[in-house]
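As the structure is a prediction and not an experimental result, all values here were calculated from the model. For the single chain, residues carry numbers from 1 onward in sequence order.
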Amino acid sequence: TKPNPKDKFIIIAYLDPFPHGFLINSKINKFIKNQPNLLPCEAQILASQNTFLRYDSFVDCREIFSFDTSKLIQFQGIISIDAQKAILDAVHDCPVDVK
């Protein structure tokens, strides 16, 4: 993450030819809050349905990132069906072309 590197949970969207995924955030960032047209790009995922989360979180679906496999250090689990649907809906509804 930029500007300060930190550990983040990632939703891996696909693996081949190398991992790509979306970042999980604990809240919707100020930039998105100030741009209401981007709110559809945020998918809420619930801690009650995803045991690896400590609190309800948000997946930012505006941008997909590539990852070096060595950076993906610990498998946390598979996200719930509801979270999968929320992410797919956010990708579909987001007015930004995901790249």
Side chains of Leu23 and Val59 in contact at under 4.5 Å (non-hydrogen atoms): no
Which residues share a salt bridge (charged side-chain N to carboxylate O under 4.0 Å, His left out) with Lys85, sequence neighbours left out: Asp89
Residues that Phe9 engages under ring-ring contact (aromatic ring centres under 6.0 Å, His included), provided they are two or more places apart: Phe52
Side-chain heavy-atom pair Asn50, Gln76 within 4.5 angstrom cut-off: no
Mind listing the side-chain donor-acceptor pairs of residues 28-37 below 3.5 Å, one per line with the distance, residues two or more places apart or on another chain?
{"unit_1": "Asn29", "atom_1": "OD1", "unit_2": "Phe31", "atom_2": "N", "d": "3.0"}
{"unit_1": "Asn29", "atom_1": "OD1", "unit_2": "Ile32", "atom_2": "N", "d": "2.9"}
{"unit_1": "Asn34", "atom_1": "ND2", "unit_2": "Lys30", "atom_2": "O", "d": "3.2"}

SG(Cys41) to SG(Cys61) below 2.5 Å: no
ring-ring contact (aromatic ring centres under 6.0 Å, His included) involving Phe75 - partner list, sequence neighbours excluded: none
Qualifying residues under side-chain contact (heavy atoms from CB on, under 4.5 Å), relative to Leu88, sequence neighbours excluded: none
Check: Lys8 and Asn25 side chains under 4.5 Å, non-hydrogen atoms: yes
Please tabulate, for side-chain N and O atoms in residues 11-20, each donor-acceptor pair with protein atoms closer than 3.5 Å (sequence neighbours left out).
{"unit_1": "His20", "atom_1": "ND1", "unit_2": "Phe18", "atom_2": "O", "d": "3.1"}

Leu53 to Ala47 - nearest heavy-atom pair and separation: O-CB, 3.8 Å
Closest non-hydrogen atom pair between Ser26 and Phe58, with its separation: O-CD1, 4.1 Å
Straight-line distance of Ile45 CD1 to Ile79 CD1, nearest 0.5 Å: 6.0 Å
Phe22 side chain near Val91 side chain, heavy-atom distance below 4.5 Å: yes
Inter-residue atom distance Glu42.CD - Asp93.CG, 0.5 Å rounding: 12.5 Å
